[in-house]
Amino acid sequence: MSIHEQSNFIKGIHPFENLTKTELEEFSNNIDIIYLKKGELLQKEKEEPKNLYFIIKGLVQELYEDEVISIYSNKEFFDPISLIENFSKNSFVTAQETICYSLPRDIFIKTLRKNRALESFFFQSISQKLNANINYEKNKELANIMVAKVKDANVHRAVIVPYETSIYEAVKTIKKEKVPTLLLRDNGGQIHIVTDSDFREKVILNRMDFDEIVGKISNSGIKYVNENDFLFNAQLIMTQHGLKRLVVVNNKDEIVGIIDQISLSSFFATHTFSVSNEIDKAETIEELKNASKSFIKIIKSLNAKGVKVEFISKLINQLNRKMMNKLFKITAPDELKNKACLVVMGSEGRGEQILKTDQDNALIISDDCTLSDEEILKYTHEYTEHLVDFGFPRCEGNIMVSNPYWCRREKDFKDLIYEWIMKPSGDNFMNLAIFYDALAVTDDRRLLDNLKEYLFKIGSTSKTFYMHFAKIIMDFDVPLGFFDGFVFNSDDKEHKNEIDIKKGGIFIIVQSIRSLSLENKILRSSTQKRIKELNKLNVLDDEFASELSQAFNFLLTIKLKSNLQKLDSGEKIDNFINPDNLTTMEKDLLKDSFKIVNKLKKKLEMHYKLNYV
């Protein structure tokens with residue numbers, strides 16, 4: 001490679017984009033390219049390391065006593081910590097033929113001392129690293145939106161009518177088909193376009209006869225764009241020709257739709273506002289269903305822009321609740337609309353479910369509602385089926401409004417809460433945890449607030465109660481070994497070399513924070529807000545609260561990234577991730593996050609004396 005190619009390669013690896021021009025030149029002038037066969041030793045444990053290695057091609061394993069604790073591949077580097085400490089804790093061996101750049105240790109250390117951005121990266125606290133990674137991903141992933149295709153945006157249906165159609169019939173067609181634009185085909189097969197503004201400005205203002213041919217007010221000279229073309233190219237065509245619309249065709253040159261300037265603007269702004277308006281304006285179940293289809297596009301767009309996962313989940317859960325509320329208003333019997341409170345629970349209630357995984361909902365009914373239980377359950381069954389049709393899978397545990405256990409009058413829910421607290425059991429603790437996370441979907445939340453207040457009123461003051469409530473975290477191990485290597489479940493053949501990020505990290509944080517919050521009677525539902533409240537109460541100190549918050553966000557971010565990749569490849573969405581698919585930095589931050597989870601787990605063990613349960 002030339003010096004220029006070497007420089008581009010190095011600065012393309014985070015955090016070395018922070019090198020100055022002079023520093024980058026010094027790196028490039030001092031690196032050597034080395035070719036290695038499979039099984040060659042690059043760095044031996046308990047010895048002083050000589051070089052920082054950048055992998056151009058191949059695979060390198062980090063070993064501790066013959067156990068693989070990490071893997072490095074293309075465009076990754078190792079091992080800066082060994083160079084800083086001048087001592088290699090582990091060995092590094094090629095797993096296949098490998099090509100590397102090697103940079104002498106003295107050049108790396110000298111640059112580290114001069115470059116503050118580089119120095120801060122390698123000496124940051126865990127929470128600082130986690131936050132810095134999110135900011136870096138925001139910049140890096142912004143490029144992803146540049147490759148968005150026309151078909152990824154909101155392409156309107158193309159409705160084509162004959163050129164000789166009357167203006168009156170054309171307007172009727174627009175209203176019936178609910179489209180903003182009509183295409184016209186003349187006798188020669190040419191396509192023309194007529195928009196709602198044409199009707200306003202050419203028909204009404206000119207007092208045209210409604211029986212006139214609509215072709216007279218149409219426009220020709222249409223520009224076309226392929227559905228697989230880049231959205232930015234569509235934007236350029238519109239700008240170049242001063243157009244507000246393009247006709248979209250497929251690879252067979254068949255017209256498949258129309259894309260307008262609003263659709264483009266909506267996409268680049270994640271079109272959240274327009275989807276929210278679609279939900280507000282929806283009058284039928286089908287219109288609401290169509291609006292909900294846009295949620296995945298919004299998630300992908302926000303993720304590509306590097307928006308923090310807590311904001312994505314907050315936004316998507318707001319849209320979900322808005323959609324569920326509108327569905328309830330459209331479908332519920334009139335009396336039930338004013339005499340019930342629909343709630344979401346679990347991860348949806350905490351605002352931490354981004355992709356549609358399952359339904360966790362309940363219906364609290366006012367005691368003075370005159371509808372019979374049979375009428376209510378008939379409706380709740382229909383409501384569950386609508387959500388399934390919208391893409392919300394059924395809950396495997398049957399925690400849904402269609403289950404009579406989760407569809408009760410207020411007084412019956414109070415009896416249930418009393419039983420959960422006064423008759424502690426595994427199932428009752430689980431149900432209490434699920435309900436404690438509940439959040440109102442419908443506008444009137446008083447019924448839920450009444451039940452939460454009742455829960456706190458009769459809540460136990462016994463440490464033993466909370467000890468048993470929290471002890472479930474002891475059933476889950478953090479998948480991190482003593483020497484910072486990932487630990488895999490050897491009995492799980494289906495997910496070999498994968499870790500369950502939910503069981504090993506996310507759930508432990510959620511349940512630990514939930515236990516402390518319930519003990520301290522915190523009304524907040526989301527884990528992040530509960531962490532902040534516990535910090536205000538001095539249950540968690542400032543530094544640990546910050547670390548927990550950052551670690552939790554990072555675990556959710558990695559989970560979302562993995563699930564979006566699985567969604568695109570048609571795989572099943574689950575909680576498993578393969579560390580080999582992560583960058584070196586992501587693997588390091590995942591290990592750091594698991595260390596924080598372990599720290600939290602130990603805190604809970606001491607606080608509730610879980611070793612004695």
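Here the structure is a predicted model, which means the values were calculated and not measured.
Side-chain atoms of K151 do not come within 3.5 Å of backbone N or O of E227 as any donor-acceptor pair. Side-chain atoms of Q528 come within 3.5 Å of backbone N or O of S549 as a donor-acceptor pair. Checked by atom type and distance alone, the side chain of N403 pairs as donor or acceptor with a backbone atom of N398 at under 3.5 Å. In this structure, E410 contributes its side chain and L447 its backbone to no donor-acceptor pair below 3.5 Å. A donor-acceptor contact shorter than 3.5 Å links the side chain of E352 to the backbone of T527. Here the side chain of Q511 pairs no donor or acceptor atom with the backbone of F507 at under 3.5 angstrom. Remark: the backbone N or O of K289 is paired with a side-chain donor or acceptor of S292 at under 3.5 angstrom. Checked by atom type and distance alone, the side chain of R157 pairs as donor or acceptor with a backbone atom of E177 at under 3.5 Å. Of the possible polar contacts, none joining the K244 side chain to the D260 backbone as a donor-acceptor pair under 3.5 Å is found. A donor-acceptor contact shorter than 3.5 Å is absent between the side chain of K559 and the backbone of I501.
Heavy-atom neighbours of K521 NZ from other residues, nucleotides or ligands within 6.0 Å: above the threshold of 12. Under a cut-off of 6.0 angstrom, the local environment of OH in Y224 is crowded, with over 12 non-hydrogen atoms contributed by other residues, nucleotides or ligands. Enclosure of atom CZ in R524 is not indicated, since only 12 or fewer non-hydrogen atoms of other residues, nucleotides or ligands lie within 6.0 angstrom. Applying the 6.0 Å contact sphere to NZ of K566 captures more than 12 heavy atoms from other residues, nucleotides or ligands. In E254, the CD atom is crowded: over 12 heavy atoms of neighbouring residues, nucleotides or ligands sit closer than 6.0 Å. Shown here is K314, whose NZ atom has no more than 12 heavy atoms of other residues, nucleotides or ligands within 6.0 Å.
Electrostatic pairing of K457 and E453 does not count as a salt bridge here, judged by no charged N lying under 4.0 Å from a carboxylate O. A salt bridge does not link D475 with K503: every distance from a Lys NZ or Arg NE/NH1/NH2 to an Asp or Glu carboxylate oxygen is 4.0 Å or more. By the 4.0 Å N-to-carboxylate-O rule, K502 lies too far from D574 to be salt-bridged with it. A salt bridge between D449 and K452 is absent, with no side-chain N of the basic residue lying under 4.0 Å from a carboxylate O of the acidic one. Ion pairing between a basic and an acidic side chain is recognised when a charged N comes within 4.0 Å of a carboxylate O; D367 and K411 show no such pairing.
Aromatic ring pairs are classed by plane angle as parallel below 30°, tilted from 30° to 60° and perpendicular above 60°; the pair Y436 and F456 is perpendicular. Between W420 and F435, the angle of the ring planes lies from 30° to 60°, which puts this pair in the tilted group.
Across all non-hydrogen atoms, the minimal contact from I399 to M345 is CG2-CE, 3.5 Å. Residues M422 and I458 approach most closely at CE-O, 4.0 Å, considering heavy atoms. The shortest heavy-atom contact between N226 and V248 is C-CG1, 4.4 Å. Nearest approach of C407 to I376, heavy atoms of both residues: SG-CG2, 3.6 Å. Across all their heavy atoms, I421 and G459 have their closest contact at CD1-CA, 4.0 Å. Across R409 and C369, no two heavy atoms sit closer than the pair NH1-O, 2.9 Å.
Under the 3.5 Å distance criterion, with hydrogens and angles disregarded, no donor-acceptor pair is assigned to the side chains of S517 and E533. Donor-acceptor pairing under 3.5 Å is lacking for the side chains of N361 and E348. For the residue pair T331 / E382, no side-chain donor-acceptor distance below 3.5 Å is found, with atom types taken as modelled.
The closest side-chain heavy-atom distance from P333 to E335 is not below 4.5 Å. Residues V388 and Q359 are in side-chain contact: their nearest non-hydrogen atoms beyond the backbone lie under 4.5 Å apart. Looking only at side-chain heavy atoms (C-beta outward), I364 and N450 stay at 4.5 Å or farther from each other. The shortest distance between side-chain heavy atoms of L355 and I316 does not fall below 4.5 Å. In this structure, S515 and Y466 have side chains that are not in contact, with every pair of non-hydrogen atoms separated by 4.5 Å or more. At a threshold of 4.5 Å between non-hydrogen side-chain atoms, the residues I499 and F594 count as touching. Contact check for N535 versus D542: side-chain heavy atoms found under the 4.5 Å cut-off. When side chains are defined from C-beta on, N431 does not count as touching L416, because their heavy atoms never get closer than 4.5 Å.
Remark: aromatic rings of F465 and F429 are close, center separation under 6.0 Å.
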Next on the checklist: Quick one, L590 with F554, criterion side chain to side chain contact (heavy atoms under 4.5 Å, CB included). Give me CA distance, side-chain angles, the key distance, then yes/no.
Outcome noted: CA-CA 8 Å; L590 183 57; F554 184 74; 4.1 Å; yes

Next on the checklist: For V597 and L555: C-alpha separation, side-chain torsions, deciding distance, then whether side chain to side chain contact (heavy atoms under 4.5 Å, CB included) applies.
Outcome noted: CA-CA 10 Å; V597 176; L555 293 174; 4.2 Å; yes

Next on the checklist: If you apply the rule salt bridge (Lys or Arg N to Asp or Glu O under 4.0 Å), what do you find for R394 with E385, and how did you get there?
Outcome noted: CA-CA 9 Å; R394 288 182 178 82; E385 292 305 311; 2.5 Å; yes

Next on the checklist: One pair to check against side chain to side chain contact (heavy atoms under 4.5 Å, CB included): I506 and L556. What are the steps and the verdict?
Outcome noted: CA-CA 7 Å; I506 294 171; L556 291 178; 3.8 Å; yes

Next on the checklist: D368 vs S366, test: side-chain hydrogen bond (donor to acceptor under 3.5 Å, both in side chains). Steps then yes/no.
Outcome noted: CA-CA 5 Å; D368 61 355; S366 177; 2.5 Å; yes

Next on the checklist: L518 vs L455, test: side chain to side chain contact (heavy atoms under 4.5 Å, CB included). Steps then yes/no.
Outcome noted: CA-CA 10 Å; L518 186 60; L455 189 161; 3.6 Å; yes

Item to check | Steps toward side-chain hydrogen bond (donor to acceptor under 3.5 Å, both in side chains) verdict (D500, H495) | outcome: CA-CA 9 Å; D500 189 327; H495 299 286; over 6 Å; no

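In this structure, CG in L387 is found 7.5 Å from CZ in F390, a value given to the nearest 0.5 Å. In this structure, F544 CZ and L534 CG are separated by 11.0 Å, a value rounded to the nearest 0.5 Å. N317 contributes atom CG, which lies 11.5 Å from atom CD1 of I312 (distance to the nearest 0.5 angstrom). Note that the CE atom of M324 and the NZ atom of K326 stand 15.5 Å from one another [nearest 0.5 Å]. We find the SG-CD1 distance between C395 and I434 to be 7.5 Å, quoted to the nearest 0.5 Å. From L243, atom CG reaches atom CD1 of I222 across 10.0 Å, with rounding to the nearest 0.5 Å.
For the pair R530 and F552, the cation does not sit on the ring face, since its NZ or CZ is not both under 6.0 Å from the ring centre and inside 45° of the axis.
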